[in-house]
Amino acid sequence: MSEIPEPGTAAAASPPAGNGPVKPGYDPGLVNEDLAPLKRQTWTSYDIFAFWMSDVHSVGGYITAGSLFALGLNGWQVLTALLAGILIVQACCNLVARPSQLTGTPFPVVCRLAFGVHGANIPALVRGAIAMAWYGIQTYLASGALLIAALKLQPQLAPYADVARHGFAGLSTLGWCAYLALWAAQAAVFWRGMESIRRFIDWSGPAVYVVMAVLAGWLVHKAGWSNIGLSLSETRLEGWHAVSATAGAVALVVTYFSGPMLNFGDFSRYARTMRAVRRGNAWGLPVNFLFFSLLTVVTIAATRPVFGRFIHDPVETIARIDSTFAVLLGSLTFVVATVGINIVANFVSPAFDLSNAAPQRISWHTGGMIAAIGSVLLTPWNIFDNPLMIHYTLDVLGAFVGPLFGILVADYYLVRKRHIVLDDLFTRDPGGAYWYRKGYNPAAIKALVPAVLVPIACVLAPDLRGLANYSWFIGMGMGTALYTLFMRQAAARADAPGTCRAAPDDAPAPGAG
């Protein structure tokens, strides 16, 4: 058994998501070239930084930030909540990144540590299903920009944008055209492989910033700085009510990023060192997100003096500008932003997750396309159409993702003390460290069930609705505590898995040179 893959020199030249050969001893039912440990890990801090720029700069992120004002918070309280939430996300991403960066393996393979070589399909498929839903939601939100651009260029198409006159399944004919066009564009970028994705996100994030800054500057110029206030809510909360609402906003920010945070290993596996990951996260999360949040708050604040009311949707803001060029540029910008976040957060994840379920039948590319098709069948425009639904969707998401995060982190840091037997992740030998019972770890499953049910109850039960915003934290805490307890009980019965040494944070990744 080896602890890390042997260093290599040559990377795959084409679409596969991995560049490491499958070792002879690996079980073909658990590995393909997309899931195998990487031979070379080449991503720098900038690539991680660009990943977060693409993940942050989106219509969904803008609307989610704007929806916090519906809680009754003013601009400064929203900024405080956004910054506090993103610092928590940064810390969690650093935790979950390490095992994937060390081994060069994606999220579903790392899940085998805690859930077993077969049980890993449970968290992988849950994350994959969530990604399908978010892929559809983000595509729908940005397709509105294409719709507006089309109407600006061809006003005679207006009847086909009316869902009551020309519509199907809750979406207008023109809406379907815009949605499917954006869907196809994202699939084309994804199909070219991880290196093409890396190159795309390296420039798309900065490009979006430029246009967002121009939009904010134009609105401030039109409104006049003296006419812009940061009290963007019609109500004003004070004392304990303000503290409670701010805490709820912090929780919503964490939950919004909980999906990409959980499977961040799908990207940290490509990084040269953990030091590069931490540096990229520091620039990409608190620094980048704070600047994005400032632009969002200023832009929303300026819409009232310019347009007569607060507008929380950037696509609607763009549509109200009396300039065809500005509308087209803004629409293209939000399309690019959505392609970026959807690929990194919601295309790559289910591609690995579904491939993990049947490595010899489902490649990384096939898994991604299955997820893309599933996202259309969910009709996402029916589940993300107002601030109340945004918060409800995020609460349900947190109830599932929080426990998974807690179990994975507890297993790696508290149970295994950062030790991994790499080759045992790819074997069904009953003597393997991660075989447990027929490939499933009973402790992980026993911890997962109540850790999901309790936060779900907080979301659905009216008497517990006050705790709904904290579903991720409740599930994460329960998952961590229960899993650690059950594994210690297993260890006491001499059932604990084997371990091996861990590498230091600044050690170069396998084959990174």
Side-chain angles (χ1 to χ4, degrees), residues 54 57-63 66 135-190 200 203-223 295-296 299-300 302-303 306-343 372 375-376 379-382 384-385:
S54 292
H57 306 169
S58 69
V59 178
Y62 187 109
I63 291 177
Y135 178 84
I137 289 169
Q138 293 283 8
T139 302
Y140 163 65
L141 292 174
S143 68
L146 286 182
L147 190 66
I148 287 170
L151 292 175
K152 195 74 174 180
L153 292 174
Q154 300 291 333
Q156 65 270 25
L157 294 175
Y160 298 97
D162 185 349
V163 66
R165 298 172 63 183
H166 299 279
F168 170 70
L171 194 62
S172 69
T173 299
L174 195 59
W176 272 105
C177 292
Y179 182 91
L180 293 176
L182 189 54
W183 183 95
Q186 294 170 122
V189 175
F190 167 81
F200 180 84
W203 70 264
S204 63
V208 171
Y209 252 143
V210 171
V211 176
M212 279 196 66
V214 170
L215 174 62
W218 180 83
L219 287 170
V220 169
H221 173 73
K222 292 283 289 184
L295 282 176
T296 299
T299 301
I300 293 174
T303 57
V306 175
F307 301 118
R309 66 180 181 88
F310 292 128
I311 301 176
H312 297 150
D313 186 340
V315 175
E316 183 180 349
T317 302
I318 290 291
R320 288 173 171 265
I321 299 176
D322 190 20
S323 166
T324 300
F325 174 77
V327 170
L328 294 179
L329 179 62
S331 299
L332 178 61
T333 298
F334 287 117
V335 166
V336 169
T338 298
V339 171
I341 187 176
N342 251 355
I343 289 175
S375 71
V376 179
T379 63
W381 44 87
N382 293 320
F384 206 76
D385 56 357

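Atoms considered below: every heavy atom in the structure, side chains included; atoms not considered: hydrogens, waters and symmetry mates.
Between the CG atom in Leu328 and the CG atom in Leu146 there is a gap of 10.5 Å [rounded to 0.5 Å].
The heavy-atom pair separating His166 from Pro159 by the smallest distance is CD2-O, 3.3 Å. Taking each heavy atom of Gly175 and Leu147 in turn, the nearest pair found is N-CD1, 3.8 Å. When all heavy atoms of Ala178 and Ser143 are compared, the pair lying nearest together is CB-O, 3.5 Å. Among all heavy-atom pairs drawn from Thr296 and Met212, the shortest one is OG1-CE, 4.3 Å. What you find for Leu219 and Ala302 is that their closest heavy atoms are CB-CB, 3.6 Å. Of all heavy-atom pairs spanning Ala216 and Thr299, the tightest one is CB-OG1, 3.4 Å.
Between the Trp183 side chain and the Thr139 main chain, no donor and acceptor come within less than 3.5 Å of each other.
At least one side-chain heavy atom of Trp176 sits less than 4.5 Å from a side-chain heavy atom of Val376.
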For this session: Check step by step if side-chain contact (heavy atoms from CB on, under 4.5 Å) holds for Ile321 and Leu215.
Result: CA-CA 10 Å; Ile321 299 176; Leu215 174 62; 3.7 Å; yes

